[in-house]
Amino acid sequence: MEKMTVPGIMGMKEKGIRIAALTAYTYSMARILDSAGIPLVLVGDSVGMVEAGYTTTLPVTMDEMVYHTRAVSRGCRNALVVADMPFMSYQVSVERAVENAGRLVKEGGAGAVKVEGGVRTAAAIRAITGIDIPVMGHIGLTPQSVHRMGGYRIQGRGRDDARRLLDDAKAVEDAGAFSVVLEGMPAELAREITAALSIPTIGIGAGPCCDGQVLVLNDMLGLDCDGRPPKFVKRYAALAEVIKGAVAEYKEEVMDGAFPSSEHCY
Ligand code: KIV
């Protein structure tokens, strides 16, 4: 695969090629995703929940996002790296939004940033794209709005709510975003939004009619030890079990002296 770019991702919608995106937070995982041909890798602020154990994404800082983005950027030779703007990095003022987006590109090596919210964050999106940093929008179930939503609830169920999300989608596109994540909404509404926009939509819990899909890597790999994944997650592997098995075998072999054997000695 050749180096993926923002125009390349936009062109996939025009050509009717579905976009398979995944999150990554580390160099090693980014290398694997990149070598498997994933065209778009998102350094999500979900890192706070799946890698740091927070119950929401709200505590994630700019410094943490820069650190993880830098690691993922080093691992992605071909994939476009999109870095999430964490809570409070773009809400205070458009100047702060631009400055923080700049850090993710300059220090993190990202090719684009992601901003949650539609109408209410359009000014930040416009300002960031105004200095030629591509922005991916994110509407619907926006995890940084967990307290307003009263939990991680599907959005856009009623007519008024659906209208509001259509307005959000239009606002994101009009502000200059190159794509938009549609999270946690009825499949029919995601289909309608996808048809109404010229930029690609990337769905998560938004049904099959988006221009692409994204999943949290840890969820689809089955890397968590406890709890059932949400309905929209398909488990493509059960890596927690694989890792537990390997670790238990190592422990046994250390305890009974089977490891290290002669082949592992100098
Ligand atoms: O933080 C994240 O991983 C995300 C995706 C779920 C879209 O925003």
Side-chain angles (χ1 to χ4, degrees), residues 9 19-26 29-30 33 38-62 64-69 71-72 76 79-91 100-101 104 108 110 112-118 121 124-125 135-146 149 151-156 165 168-169 172 177-185 190 193-194 199-207 210-221 223-224 229-236:
I9 292 292
I19 302 156
L22 284 170
T23 68
Y25 317 103
T26 61
M29 287 295 175
L33 268 50
I38 290 292
L40 191 155
V41 173
L42 171 68
V43 190
D45 60 354
S46 51
V47 66
M49 296 176 77
V50 300
E51 297 290 354
Y54 299 133
T55 55
T56 72
T57 57
L58 302 181
V60 176
T61 65
M62 268 304 299
E64 287 166 343
M65 287 308 301
V66 167
Y67 171 84
H68 287 285
T69 303
V72 169
C76 287
L80 175 69
V81 175
V82 181
D84 240 338
M85 297 204 57
F87 181 58
M88 294 309 285
S89 68
Y90 58 94
Q91 292 92 341
N100 284 323
L104 292 168
V113 300
K114 178 164 78 59
V115 172
E116 290 187 12
T121 50
I125 296 173
V135 176
M136 172 182 272
H138 184 166
I139 66 166
L141 193 171
T142 44
Q144 292 175 21
S145 318
V146 59
M149 296 183 299
Y152 298 106
R153 297 173 192 285
I154 299 303
Q155 303 292 298
L165 291 194
D168 279 338
V172 162
F178 77 96
S179 64
V180 59
V181 169
L182 308 183
E183 179 165 358
M185 65 180 69
I193 293 174
T194 300
I199 57 172
T201 60
I202 313 287
I204 173 163
C210 301
D211 299 305
Q213 299 289 328
V214 62
L215 283 175
V216 169
L217 187 64
N218 300 46
D219 290 346
M220 62 87 78
L221 292 181
L223 268 170
D224 54 311
K231 181 180 159 84
F232 64 83
V233 172
K234 178 169 176 184
R235 285 234 148 120
Y236 287 85

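Counting starts at 1 for both ligands and their atoms, in listed order.
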(Q) A side-chain contact here means heavy atoms from C-beta on lying under 4.5 Å apart; do Q144 and D45 qualify? (A) yes

Counting heavy atoms under 4.0 Å, the part of T57 that contacts ligand 1 is neither

Q.
Below 3.5 Å, N or O to N or O, backbone or side chain included: is there any such pair between Y25 and ligand 1?
A. no

Quiz item: Looking only at atom types and distance, does a side-chain atom of T23 sit under 3.5 Å from a main-chain N or O of L217, one as donor and one as acceptor?
Solution: yes

Return yes if some donor-acceptor pair links the side-chain N/O of R235 with the main-chain N/O of L221 below 3.5 Å, else return no.
no

the protein heavy atom lying closest to atom 2 (C) of ligand 1 turns out to be S46 OG, 3.2 Å

the protein heavy atom lying closest to atom 8 (O) of ligand 1 turns out to be K114 NZ, 2.9 Å

Please determine whether the number of non-hydrogen atoms from other residues, nucleotides or ligands lying under 6.0 Å from atom OH of Y67 exceeds 12. no

The atoms of ligand 1 lying under 4.0 Å from a heavy atom of I204, numbered in the order shown, are 6 (C)

For L42, the atoms of ligand 1 under 4.0 Å from one of its heavy atoms are 4 (C), 5 (C), 7 (C)

Whether the side chain of E51 engages the backbone of M49 through a donor-acceptor N/O pair (distance < 3.5 Å, no angle test) should be reported. no

For G44, the atoms of ligand 1 under 4.0 Å from one of its heavy atoms are 1 (O), 2 (C), 3 (O)

Query - D168 side-chain N/O to I139 backbone N/O, donor-acceptor pair under 3.5 Å - result: no

Please check: side-chain N/O of H138 versus main-chain N/O of V181, any donor-acceptor pairing under 3.5 Å? no

### Task
Could you tell me whether some N/O pair between T23 and ligand 1 is separated by less than 3.5 angstrom?
no

A student checking ligand 1 against D45 at a 4.0 Å heavy-atom cut-off should list atoms 1 (O)

| task | Give yes or no for whether the N/O distance cutoff of 3.5 Å, strictly under, is met between E183 and ligand 1. | result | no

